Amino acid sequence: ELDRATLDLIQRMRERDEHGRRDAVTAWSEEILDDMIGFGPLEELITDYERDNEDEMAEDIYVIGWSQVLVKTRAEDRVRQVRSKRPRLGSMDETIHFRSQEHLRNVVYRNLAEIHRRVDENSPILDAKLPNSEHRINITIPPIAADGLWYITIRKHVGSWNWRDLLLRGVYDARLMALLALVVRSRFNVLVTGGTGAGKTTLLNVIAGFIPAHERVVTIEDTQELQLTAERNGSPAHIIDVKDLARISNLDVEEKNVVSLLTKTASTREGVSYTMRDLVINSLRLSPRRIIVGEVRGAEVWDMLQALNTGHDGSICTIHSSGPQYAVSRLQALVRMSNAGVQNEVEILGHIYNAFQLVIHAERQGDGGRRISELGWIRSMDPDASADKLALEVVPLFRVLMSPDEKHIEKFESPIDPKTNESYLADFFRDKRTLDRLRIEDYRPAQGVDSDLEVIKRYVMAESDDQV
């Protein structure tokens, strides 16, 4: 591979003047460095080389064989080929691609060796993080790839965001953010839903930052994406200019008590695998206060429901769903598929009802932005019904309203319950299950001073951020 490129370089150097030869040497050096310590021609996309605005920054990178590289930018919801901005042996206008199949294979093998992983005919699918980064890579090769091509998908991690960053980006407004902080601190169990690329992991990282640092947290993932750092959600600097809201921003900590568990697939040398279900069961032996499951998609759902029903309040899980109202149905279907021996629908609903209280649905909107489209509350359709007649519904506490062209947010609204002609949010704060949990955290700092609950409730029930 290097010999062919060297011959190409020598031929080009012969055809150029002295200045052109220096440019050719520079281009050669750039390519060699990218191949040796980076991801070859994809390195400039991964590092956003000379791409200073979001219109050019790559968000997802798709490799289809060695000759085609497609990119989805942060500003566009479509893919296209892009041209290199680095000096190359070829033309400056050349589109980014690998030089050959051998070049692609060598770059992949070298990067996987750094993280002690491999991909071959016996293990043709790999899902991992790129070395020295938070970016996620998926590789699929023959014989799974039927046409003989190598398929690589790189999903770039945009960095560590805290609740202020998401607030400024319009993921939620101040009232919704205050409610999220309240329910997480008050140990509500939360289900984060959304489609692929909707921002579930970023949102999960942020709301998990509201967990007090002294509480022991066990995270369970297929690929490590959660970042529960010691800082959790940042220091109280740059607080929003709202006097009492500063109370919930005092989340800086000096230590953390986090255990991170990752699944393991069986290799050709080691036939032992550890599934998500194995890790959920094992997490109960680690004395967790809360459990965070990166994504629920299989038989582990039943063990997770059992854990949340036996004293692990305040846990957070994610699941793929097209909306909050479908999340419960998804959980029901997964329980039936888990071979747990539970087929009675009412019994399954009872476990779900006792396990989760809220559903946060993330969605990519028409303007390309990712935001919370709805915060749902799981409640019984008839509070007076007996256990054998339990029926659940997910009602919206908050819902985003987009403009008719879906280019900007009009407002975050709290819909009205047609049965009571009051907002679902008011019903939520009156609900017995809600009150039982909020009373635990309702500390009064001094006589005559509003409690944190009263302060945050006042913010949440305001009709707009202007009133806050």
Side-chain angles (χ1 to χ4, degrees), residues 160-169 171-193 199-219 225-240 242 244-260 288-294 308 312-318 356-362 371-372 375-377 397-398 412 425 428-429 434 437-443 451-460 468:
S160 299
W161 286 350
N162 58 32
W163 63 266
R164 300 179 192 86
D165 298 324
L166 298 193
L167 184 63
L168 294 175
R169 286 178 170 267
V171 175
Y172 43 54
D173 65 358
R175 297 173 300 141
L176 179 51
M177 186 275 295
L179 181 58
L180 292 178
L182 174 65
V183 297
V184 172
R185 294 299 288 263
S186 301
R187 306 183 59 77
F188 284 73
N189 290 333
V190 179
L191 191 63
V192 180
T193 71
K200 297 187 300 296
T201 302
T202 299
L203 181 59
L204 177 57
N205 270 313
V206 170
I207 64 175
F210 293 126
I211 299 174
H214 65 273
E215 295 187 8
R216 184 171 175 83
V217 179
V218 175
T219 67
E225 294 180 293
L226 297 177
Q227 298 175 316
L228 302 188
T229 61
E231 191 181 17
R232 286 291 169 92
N233 241 328
S235 63
H238 310 296
I239 293 172
I240 299 173
V242 178
D244 290 324
L245 196 58
R247 296 186 186 184
I248 66 169
S249 69
N250 188 22
L251 303 174
D252 56 315
V253 298
E254 297 179 357
E255 299 178 354
K256 61 178 179 179
N257 192 355
V258 178
V259 178
S260 299
R289 188 74 185 273
R290 305 185 191 225
I291 300 173
I292 298 179
V293 181
L308 301 189
H312 298 90
D313 293 339
S315 297
I316 309 173
C317 306
T318 69
F356 292 104
Q357 292 80 47
L358 295 171
V359 181
I360 306 174
H361 185 65
R371 57 181 59 90
I372 296 177
L375 173 63
W377 171 33
L397 298 181
F398 277 99
F412 284 87
L425 197 56
F428 171 74
F429 279 113
T434 301
R437 291 183 180 273
L438 292 181
R439 287 193 187 101
I440 299 174
E441 300 292 337
D442 188 15
Y443 302 117
S451 69
D452 289 349
L453 171 58
E454 291 167 338
V455 170
I456 296 177
K457 182 179 177 181
R458 189 162 61 244
Y459 291 146
V460 172
V468 173

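The structure displayed is predicted, hence computed values, not measured ones. By convention here, the first residue in the shown sequence is residue 1.
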About how many Å separate [atom2] of [Y] and [atom1] of [X], when rounded to the nearest 0.5 Å?
X: Met177; Y: Leu167; atom1: CE; atom2: CG; value: 5.5 Å
X: Phe429; Y: Leu397; atom1: CZ; atom2: CG; value: 8.5 Å
X: Asn189; Y: Cys317; atom1: CG; atom2: SG; value: 7.5 Å
X: Ile316; Y: Leu308; atom1: CD1; atom2: CG; value: 11.0 Å

Q: Go through the steps to decide whether Thr434 and Phe188 satisfy the test side-chain contact (heavy atoms from CB on, under 4.5 Å), and finish with yes or no.
A: CA-CA 9 Å; Thr434 301; Phe188 284 73; 4.0 Å; yes

Q) Is a side-chain donor or acceptor of Tyr172 paired with a backbone partner of Phe412 at a separation under 3.5 angstrom? A) no

Q: For the pair Asn257 (side chain) and Glu215 (backbone), establish whether a donor and an acceptor sit closer than 3.5 Å, ignoring hydrogens and angles.
A: no

Q) So, for Leu203 and Ala362, which heavy atoms are closest and what is the spacing to 0.1 Å? A) CD2-CB, 4.3 Å

**Q.** Distance-minimising heavy-atom pair for Lys200 and Thr193
**A.** CD-C, 3.6 Å

Measuring only between side-chain heavy atoms, which start at C-beta, is [X] closer than 4.5 Å to [Y]?
X: Leu182; Y: Val460; value: no
X: Ile292; Y: Val217; value: yes
X: Leu425; Y: Leu179; value: yes
X: Ile211; Y: Arg290; value: yes
X: Arg216; Y: Val259; value: yes

Q) Checking salt bridge (charged side-chain N to carboxylate O under 4.0 Å, His left out) against Asp313, which of Arg437, Arg289, Arg185 comes through? A) Arg437

**Q.** Check against side-chain contact (heavy atoms from CB on, under 4.5 Å), Leu204 and Leu226
**A.** CA-CA 8 Å; Leu204 177 57; Leu226 297 177; 3.5 Å; yes

(Q) Check the orientation of Phe428 and Trp377. Use parallel for under 30°, tilted for 30 to 60°, and perpendicular for over 60°. (A) perpendicular

Q.
Given Leu180, which partner from the list Leu166, Val206, Ile372 fulfils the side-chain contact (heavy atoms from CB on, under 4.5 Å) test?
A. Ile372

